[in-house]
Amino acid sequence: MGHMLLIFVVIVVLAVFIYHYLQLTSRTTTQAPYTPPLNAAPARLITDVLAQILLEKQILFDDVARLFMQQCIEQRDSRAVFAMRDDLLSKLPKDTQHEVRRLDLDEWSIYLTFSTQSYEYYIGRYGVFQLHVDRFGEEHKLSLWKPEFHPEYSHQHMDESLQLPMAHLE
């Protein structure tokens, strides 16, 4: 939808340019040179469209990060890390930056950023940790601890930002 609006704006701007060009070339040489009227409306329209496209991309990033957090995927296979990253990137805006990090002790993370937003999926020996900073700067965390490693943290509570069961860190 956003791309169609951008294409429409580009077509309108080109049509206005062609119209003024034809007006200029159809005049005779005895007339004063044509100066187009100063009108900031097309530039303002393009700026508004670009701002709307950025907002839609930010909303998309937030929606995909929230859905991915709700899936609570726990994956240890190193080949699956890249498949997860590719799955995420296929749903996110094309200009999303990403990094896959392999750490010690068979731990790894996927880190994605877009504009002022970020999403990190980290899996380690003691569980899965996810952090999403949305377009408003709010943090949404999900920590799924493995009780066999931390029996003192085995009680559950709800993270109201996600409505998912989570292990609570005191």
Side-chain angles (χ1 to χ4, degrees), residues 1-12 43-170:
M1 167 116 179
H3 296 294
M4 291 175 31
L5 186 58
L6 181 62
I7 291 170
F8 174 75
V9 168
V10 170
I11 291 172
V12 168
R44 189 174 5 149
L45 180 62
I46 290 173
T47 303
D48 292 345
V49 168
L50 293 176
Q52 181 64 31
I53 290 171
L54 177 61
L55 177 63
E56 289 177 11
K57 287 181 177 182
Q58 289 175 328
I59 291 170
L60 175 64
F61 188 95
D62 286 343
D63 290 347
V64 170
R66 180 174 297 275
L67 288 172
F68 200 77
M69 288 178 85
Q70 289 175 348
Q71 291 177 2
C72 298
I73 298 171
E74 181 180 340
Q75 191 59 256
R76 290 201 172 273
D77 182 18
S78 61
R79 290 178 300 237
V81 175
F82 294 100
M84 279 174 71
R85 181 208 52 196
D86 293 342
D87 184 42
L88 270 169
L89 288 174
S90 70
K91 296 171 177 70
L92 291 171
K94 295 299 178 200
D95 39 356
T96 299
Q97 301 294 315
H98 60 91
E99 178 182 4
V100 174
R101 296 181 296 174
R102 177 152 178 121
L103 307 165
D104 294 337
L105 304 174
D106 199 28
E107 299 174 335
W108 56 268
S109 75
I110 298 174
Y111 184 73
L112 305 161
T113 60
F114 176 77
S115 186
T116 59
Q117 302 155 272
S118 66
Y119 172 76
E120 182 169 17
Y121 179 91
Y122 172 86
I123 187 163
R125 293 180 58 188
Y126 304 113
V128 176
F129 310 96
Q130 296 181 59
L131 175 65
H132 169 225
V133 178
D134 65 20
R135 67 186 179 277
F136 304 112
E138 296 177 18
E139 288 186 354
H140 305 277
K141 298 176 184 178
L142 178 65
S143 300
L144 300 172
W145 288 90
K146 294 183 177 181
E148 63 268 18
F149 292 112
H150 286 281
E152 66 272 18
Y153 297 124
S154 62
H155 59 285
Q156 300 286 312
H157 84 284
M158 295 295 289
D159 176 351
E160 282 128 28
S161 69
L162 290 172
Q163 297 299 314
L164 294 173
M166 294 178 48
H168 180 63
L169 296 176
E170 311 258 357

Less than 4.5 Å apart, any side-chain heavy atom of [X] and any of [Y]?
X    : Y    : answer
L89  : H98  : yes
M84  : W108 : yes
Y122 : L103 : yes
F114 : L92  : no
V49  : Q52  : no

Measure the [atom1]-[atom2] distance between [X] and [Y] for me, rounded to the nearest 0.5 Å.
X    : Y    : atom1 : atom2 : value
L50  : L45  : CG    : CG    : 9.5 Å
D86  : I110 : CG    : CD1   : 9.0 Å
S118 : L112 : OG    : CG    : 9.0 Å
K91  : D63  : NZ    : CG    : 13.0 Å
K57  : I59  : NZ    : CD1   : 13.0 Å

Between E120 and R101, does any NZ, NE, NH1 or NH2 come within less than 4.0 Å of an OD or OE carboxylate oxygen?
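Salt bridge between R101 and E120, a charged N being under 4.0 Å from a carboxylate O: yes.
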Can you list, pair by pair, the side-chain donor-acceptor contacts under 3.5 Å of residues 129-136, counting residues two or more places apart and other chains?
from: Q130; atom 1: OE1; to: Y119; atom 2: OH; distance (Å): 2.5
from: H132; atom 1: NE2; to: D62; atom 2: OD1; distance (Å): 3.0
from: D134; atom 1: OD1; to: F136; atom 2: N; distance (Å): 2.9
from: D134; atom 1: OD1; to: G137; atom 2: N; distance (Å): 3.1
from: D134; atom 1: OD1; to: E138; atom 2: N; distance (Å): 3.0
from: D134; atom 1: OD2; to: H140; atom 2: NE2; distance (Å): 2.9
from: R135; atom 1: NH1; to: D62; atom 2: OD2; distance (Å): 2.7

Minimum-distance pair of heavy atoms, taken over all atoms of Q58 and S115:
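Heavy-atom minimum between the residues: NE2-OG, 3.1 Å.
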Under the side chain to side chain contact (heavy atoms under 4.5 Å, CB included) criterion, do V128 and L142 qualify, and how do the steps go?
CA-CA 8 Å; V128 176; L142 178 65; over 6 Å; no
Decide if atom CG of D95 counts as having more than 12 heavy atoms of other residues, nucleotides or ligands within a radius under 6.0 Å.
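Yes, enclosed.
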Decide whether Q97 and T113 meet the rule of one side-chain donor and one side-chain acceptor closer than 3.5 Å.
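Side chains of Q97 and T113: no pair found under 3.5 Å.
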